[in-house]
Asks: 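Can you read through this structure? Questions will come right after.
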Amino acid sequence: MSEVKQAPTTIPWQHRWGRQPRIAGGAALGWAVVQSIVALACVWAGTSGTTVGGDQPPVGLAWFAAGVAVLGGVSAAAAVRGHEGRTVRGLLWAACALSTVTGFSLLMDVVGLLFAHGVDNVAAAVLHTLGLLGAVLLAATSHARRPATCARCGTVHTAVVRPHPSHAPRRVRLVAYGGILAFVPYIGMKMVWALGGTFAGISGAELLRISERNGASGVWLTLESWGVDGTVLLAALGIFLLFGLIRPWGQIFPRWTLGLSGRSVPRWLPLAPALIGATTLVPYGLGGVGYLALVSMGAASMRLGDSPTLQDALLMGWVGHVGFAVYGLALLTASRSYWLRTRPVC
């Protein structure tokens, strides 16, 4: 299919939002206030024995989120007041990184909400969501400039321009293809179970009974009865997202999008899910790989769960965590390339 080419388009809203610290910083400051209130409420509920949605709030995560909110709020307030030096920008990026850590496992919360009995902990899921939102707002504040100081030419602009759609560099494409290939064993394992086969000592029928016992949602059970695994669908969407980050049609809607054909893709549309996916899958996958390595060497123990043997549990663990880790790193690499290739120009 031939790629759709289009002349660069002006985006005046970029001047209003991304180039003015008062707007981005004000939004980040509002986020900091909200997260501080929520985090301190979780601390109080956890220390007083009160439950939220039937769950005990995670006190450790709540204290961490409160500290991140304070750091982000102070640095955002400095940006709003016109301080744009290296110190303020460094504090903003530090708070952004810590806020990303707060949002860890948000993707798992989404999966649980869609296909399982719900999120494991309501309060933790709220903090995860606020953490990712804060990371985006803090990054936007750090990236913002006042109209008089263009980052590239030093002049004042009332609008900026999107560059022509382009492929990612070859090395980035190779990393992305590696991430896709790493997901193939995981997809194969899940499809074997969905089609009624046996893998790692567990049959498809047995896995369906386990899902029912663990309170899986009706959507999940219906898909399983049709021979479709819900996580395979999510993996397919993840592969589609990865292709969009490295191909030109991720910047300009292609012909098969019908009414949207030829229009510019908003940068946040692929970058938002990519950020959520990368911040969840990279630490989850790498941490799991490290843990499985320790278990394989006999340096740590492992609960078998529903697996009949330790070898079966390790096999499932390696297939899943290696796929998550490699795909997450590929997603992170492709997201950075997409961010750089789609930066507005003078």
Side-chain angles (χ1 to χ4, degrees), residues 1-11 13-15 17-19 24 92-93 96-97 99-100 103 106-107 110 132-145 151-152 160-183 234-257 260-283 285 324-346:
M1 180 185 297
S2 61
E3 304 295 346
V4 178
K5 293 186 179 293
Q6 183 188 21
T9 56
T10 59
I11 28 183
W13 57 264
Q14 180 74 17
H15 173 74
W17 162 257
R19 296 293 174 186
L92 284 168
W93 281 115
C96 177
S99 192
T100 301
L106 176 61
L107 182 60
V110 174
L132 262 296
L133 176 62
V136 172
L137 294 176
L138 290 168
T141 304
S142 178
H143 181 68
R145 300 285 190 281
R152 301 202 178 195
V160 288
V161 179
R162 287 285 294 270
H164 285 287
S166 61
H167 290 274
R170 184 173 182 270
R171 62 182 181 276
V172 176
R173 297 200 303 270
L174 291 177
V175 171
Y177 298 150
I180 293 171
L181 290 176
F183 245 162
L234 294 177
L237 289 175
I239 292 174
F240 177 81
L241 172 62
L242 196 52
F243 270 117
L245 292 170
I246 63 174
R247 302 280 292 179
W249 56 261
Q251 301 165 51
I252 295 292
F253 286 108
R255 295 174 182 173
W256 46 265
T257 55
L260 296 175
S261 177
R263 298 184 180 183
S264 296
V265 176
R267 296 178 81 199
W268 61 265
L269 187 59
L271 286 175
L275 175 64
I276 295 174
T279 54
T280 296
L281 295 178
V282 170
F324 295 149
V326 177
Y327 172 81
L329 291 172
L331 190 62
L332 193 62
T333 303
S335 299
R336 181 179 181 275
S337 174
Y338 184 91
W339 174 268
L340 295 175
R341 291 179 1 254
T342 58
R343 285 184 302 179
V345 296
C346 301

Asks: State which residues pass ring-ring contact (aromatic ring centres under 6.0 Å, His included) with Y338; sequence neighbours excluded, sorted by chain then number.
Replies: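 Listed in chain order: nothing, the list is empty.
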Asks: Has the side chain of R341 got a donor or acceptor atom that lies under 3.5 Å from a matching backbone atom of S166?
Replies: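 Yes.
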Asks: On a heavy-atom basis, which atom in I246 and which in A334 lie closest, and how many Å separate them?
Replies: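 Answer, listing the atom of I246 first, then A334: CG2-CB, 3.9 Å.
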Asks: Holding to ring-ring contact (aromatic ring centres under 6.0 Å, His included), I want the full list of residues that pass it with F240, two or more places apart in sequence or in another chain.
Replies: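 F240 satisfies ring-ring contact (aromatic ring centres under 6.0 Å, His included) with W249 once adjacent residues are dropped.
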Asks: Just jot down the side chain to side chain donor-acceptor pair (under 3.5 Å) partners of T100, sequence neighbours excluded, or say none.
Replies: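 None.
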Asks: Please report the shortest heavy-atom distance between L245 and A274, naming the atom on each side.
Replies: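 Result for this residue pair: CD1-CB, 4.1 Å.
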Asks: Test of understanding: with side chain to side chain contact (heavy atoms under 4.5 Å, CB included), list the residues that count as partners of A235, not counting sequence neighbours.
Replies: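 In terms of side chain to side chain contact (heavy atoms under 4.5 Å, CB included), with neighbours along the sequence ignored, A235 is linked to F183, I187.
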Asks: Checking T280 side chain against G277 main chain: does a donor-acceptor pair fall under 3.5 Å?
Replies: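 No, T280 side chain to G277 backbone: no donor-acceptor pair under 3.5 Å.
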Asks: Start with the C-alpha gap between I252 and S264, add the side-chain angles, then the distance that decides, and say whether side chain to side chain contact (heavy atoms under 4.5 Å, CB included) holds.
Replies: CA-CA 5 Å; I252 295 292; S264 296; 3.7 Å; yes
Asks: For the residue pair P169 and S337, establish whether any side-chain heavy-atom pair is separated by less than 4.5 Å.
Replies: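 Side-chain contact under 4.5 Å: yes.
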Asks: Under the ring-ring contact (aromatic ring centres under 6.0 Å, His included) rule, collect the residues that match up with W339, sequence neighbours excluded.
Replies: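 H143.
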Asks: For T342, enumerate each residue passing the side chain to side chain donor-acceptor pair (under 3.5 Å) test, keeping only those at least two apart in sequence or located in another chain.
Replies: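 If we apply the side chain to side chain donor-acceptor pair (under 3.5 Å) test to T342, skipping adjacent residues, the hits are R267.
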